[in-house]
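The residues of the chain are indexed from 1 along the displayed sequence. In listed order, ligands and their atoms are each counted from 1.
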Amino acid sequence: MSAREVMEKKMFVDGQWVDADSGAITDILDPYDASVAARVPHAGREEARRAIGAARRAFDQGPWPHMAASERAAVVRRIGDLVVRDREELARLETLDTGKTVEESRWDMDDVSGIFHYFAGLADKDGGEVIESPMPDTSSVVVREPVGVCGQISPWNYPLLQASWKLAPALAAGCTVIMKPSEITPLTTIKITELCEEAGVPAGVVNTVLGAGSQVGAELSESEDVDLISFTGGIDTGKRIIRAASTNVKKMALELGGKNPNIVFDDADFELALDHALNGVFFHAGQICSAGARLMVQDAIHDEFVDALEARIRNIRLGCGFDDKTEMGPVISAEHLAKVEEYVDVAQKEGARLRCGGARPTDPELQKGWFYLPTLFDRCENDMRIVQEEVFGPVISVERFHTEEEAVQRANATVYGLSAGFWTRDPDRIHRVSRALRFGTVWVNDFNVYFVQAPWGGYKQSGLGRELGRMGLEEYTEVKHIYQNHANKPLHWFGK
Ligand code: NAD
């Protein structure tokens with residue numbers, strides 16, 4: 001597949017590959033040079049309703065939810081195997097759609113296959129639990145059952161990875177699904193839908209509807225036929241979805257934004273912390289919910305650390321994601337680039353000091369796409385917008401701190417609670433600080449590490465529920481207590 005080939009794709013409703021009713025299409029643009037990479041249907045509420053109807057029938061009439069869990073697991077495992085087979089094609093589609101380096105996309109695809117294999121492995125492991133009933137001659141068992149029809153809305157930064165965190169456990173649990181990828185990055189979600197079909201997922205169990213969040217996404221959130229809505233995206237959209245989902249008191253799983261502190265204490269391994277400070281924020285041009293965009297450095301090493309950081313940032317190579325020499329690609333869209341530029345403006349007006357970047361690159365090769373120079377601000381304070389708000393771009397802010405207590409207090413002073421990291425060699429400090437930080441994930445002497453075995457999710461306004469790990473499967477289940485009386489003795493309560 002060449003990076004310049006324009007693909008024509010359809011969406012998948014009730015086991016059929018279809019266009020939008022209106023015939024409307026969306027041009028999918030390559031962030032590297034703004035060229036058209038693909039054309040896909042642009043559907044609305046009506047197509048979403050049909051997909052919900054198909055998923056409802058597939059759930060209510062089966063056979064998917066009632067199959068032996070091991071039989072479902074075999075299908076989910078096959079999807080993982082097909083991802084392994086098509087890894088390179090999927091990776092190239094992801095890079096075409098997002099601009100990230102193809103090496104990073106390959107890692108993403110390895111994670112994706114691992115997710116299907118992991119949840120296939122878990123699918124038949126929970127046979128319920130016998131509990132001790134307080135009454136004689138009775139028995140009690142607690143079982144988990146699939147929650148039902150699931151709407152799954154995903155963002156553009158990790159299109160297939162985020163969709164897989166939702167799709168694999170939902171299928172393993174026996175749910176039926178309507179996926180709605182971001183309207184700007186649908187290509188790998190379309191491809192995984194093809195792989196689901198090939199793996200033998202029955203018609204109606206997986207549906208993929210392409211269109212605007214305000215139409216397709218809103219229909220999924222509002223519909224009384226949807227039992228669970230799983231959403232990954234921005235905090236404002238998340239709040240809108242919470243309101244919409246109240247129609248039928250849907251189950252909700254929300255993975256929202258983050259502004260994640262990365263704290264470097266003065267006894268840290270300097271070189272290691274420096275390396276990870278760079279990776280923490282400039283990987284995928286900072287478009288990661290857990291990006292360590294908020295660096296905090298202790299006085300004694302602050303100046304030396306920021307000088308070294310600046311030197312390394314100035315050497316980051318921007319370019320095409322398909323070029324092996326590229327270290328950082330563009331941001332996702334023209335609108336997003338404008339948002340990053342606005343934050344850089346605001347930071348300067350608020351008094352932060354721009355150390356490097358703060359502009360678009362001048363290299364002629366990078367003029368068509370949406371590139372932005374890796375940007376460093378120091379002299380940042382806790383109440384600045386550049387510190388408190390999610391820029392979601394290649395911008396790092398640095399705050400200076402004096403004591404451990406101050407670092408913890410500052411780090412926690414945010415509405416977000418997704419992830420945090422810190423660097424120190426002191427074992428007692430590791431214990432204290434990891435407990436004191438109010439975030440869903442805390443990394444000690446590392447940053448931005450996640451894997452399928454461990455739960456992922458946010459404290460505070462970073463979300464509700466957890467994805468990945470055993471908890472990621474439990475999100476897609478309801479808990480039922482089945483109590484049986486074996487004594488058959490009348491109560492004689494009335495009519496003594
Ligand atoms: P976004 O909120 O703009 O869009 C996310 C999805 O929601 C898209 O598919 C969009 O079409 C849909 N949507 C938009 N309006 C909707 C509505 N009214 N009803 C239903 N759906 C609607 O987010 P984005 O810009 O695509 O992604 C970036 C955000 O995602 C960042 O805030 C980032 O932190 C967050 N994110 C979080 C995690 C996590 O694990 N916590 C992971 C990745 C991204």
Side-chain angles (χ1 to χ4, degrees), residues 26 40 42-45 48 97-98 100 108 111 151-166 178-186 189 208-223 226 229-247 250 252-260 281 283-294 331-333 335-337 339-340 343 389-393 414-419 439-441 448 450 454-469 472 475:
T26 306
V40 303
H42 186 85
R45 283 183 180 264
D97 232 354
T98 62
K100 66 171 71 178
D108 289 357
D111 283 348
Q152 304 191 324
I153 303 173
S154 40
W156 48 258
N157 63 333
Y158 281 90
L160 188 55
L161 199 63
Q162 296 299 322
S164 302
W165 288 14
K166 303 177 190 309
I178 307 100
M179 287 195 283
K180 196 218 92 63
S182 164
E183 44 274 61
I184 51 180
T185 55
T189 307
T208 298
V209 184
L210 309 176
S214 59
Q215 301 296 308
V216 177
E219 186 63 34
L220 293 177
S221 318
E222 290 164 20
S223 170
V226 173
I229 192 91
S230 175
F231 167 77
T232 300
I235 206 164
D236 292 336
T237 317
K239 288 179 181 174
R240 223 168 283 138
I241 287 174
I242 292 173
R243 287 191 288 273
S246 70
T247 47
K250 279 181 193 62
M252 273 185 292
L254 302 178
E255 296 288 347
L256 307 179
K259 188 75 185 192
N260 313 285
V281 69
F283 202 70
H284 194 16
Q287 302 166 116
I288 305 184
C289 52
S290 55
R294 185 182 174 197
V331 301
I332 191 71
S333 65
E335 294 72 33
H336 194 54
L337 179 61
K339 179 185 154 190
V340 173
Y343 268 112
E389 297 177 21
E390 190 181 40
V391 179
F392 222 56
T414 162
V415 298
Y416 291 110
L418 190 58
S419 60
F439 295 84
T441 296
N448 252 345
Y450 62 87
W456 177 261
Y459 277 33
K460 300 197 261 181
Q461 294 189 34
S462 285
L464 286 177
R466 291 292 179 271
E467 294 193 302
L468 303 182
E475 288 280 14

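Residue contacts with ligand 1 include Ser182, since one of its heavy atoms falls under 4.0 Å from the ligand. Residue contacts with ligand 1: Pro181 is included, with a non-hydrogen atom under 4.0 Å away. Every heavy atom of Tyr158 sits 4.0 Å or more from the atoms of ligand 1.
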- Run the side-chain contact (heavy atoms from CB on, under 4.5 Å) check on Tyr158 and Trp165 step by step: do they pass? CA-CA 11 Å; Tyr158 281 90; Trp165 288 14; over 6 Å; no
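Counting heavy atoms only, Glu183 comes closest to atom 10 (C) of ligand 1 of the residues Gln162, Glu183, Glu222, Gln152. Of all the listed residues (Thr441, Thr237, Leu468), Thr237 holds the heavy atom that lies closest to atom 2 (O) of ligand 1.
Ring geometry, Phe392 versus His336: the interplanar angle exceeds 60°, so the pair is classed perpendicular (tilted spans 30 to 60°).
The atoms of ligand 1 that sit less than 4.0 Å from any heavy atom of Asn157 are 43 (C), 44 (C). Per-residue contacts place Trp156 under 4.0 angstrom from the following atoms of ligand 1 (heavy atoms of the residue considered): 24 (P), 25 (O), 26 (O), 27 (O). Against a heavy-atom cut-off of under 4.0 Å, Thr232 is close to the following atoms of ligand 1: 5 (C), 36 (N), 37 (C), 38 (C), 39 (C), 42 (C), 43 (C), 44 (C). When each atom of ligand 1 is checked for a heavy atom of Gly234 under 4.0 Å away, the hits are 1 (P), 2 (O), 23 (O), 29 (C), 30 (O), 32 (O). Of all the atoms in ligand 1, the ones that sit under 4.0 Å from a non-hydrogen atom of Ala218 are 19 (N), 20 (C). Applying the 4.0 Å criterion to heavy atoms of Ser154 picks out, from ligand 1, the atoms 6 (C), 8 (C), 9 (O).
Every pair tested for salt bridge (Lys or Arg N to Asp or Glu O under 4.0 Å) that includes a residue from residues 153-163 fails, sequence neighbours excluded, so the list is empty.
By the 3.5 Å distance cut-off applied to N or O atoms, Pro155 is not counted among the residues near ligand 1.
Ion pairing between a basic and an acidic side chain is recognised when a charged N comes within 4.0 Å of a carboxylate O; Arg45 and Glu222 show such pairing. At a threshold of 4.0 Å, the pair Glu467-Lys166 counts as salt-bridged, since one of the basic side-chain nitrogens sits closer than that to a carboxylate oxygen.
The protein reaches atom 40 (O) of ligand 1 closely, with a heavy atom under 4.0 angstrom from it.
Scanning the protein heavy atoms around atom 12 (C) of ligand 1, the nearest turns out to be Ile153 CG2, 3.6 Å.
Listed by chain and residue number, nothing satisfies the side-chain hydrogen bond (donor to acceptor under 3.5 Å, both in side chains) test with Gln287 (two or more places apart in sequence, or in another chain).
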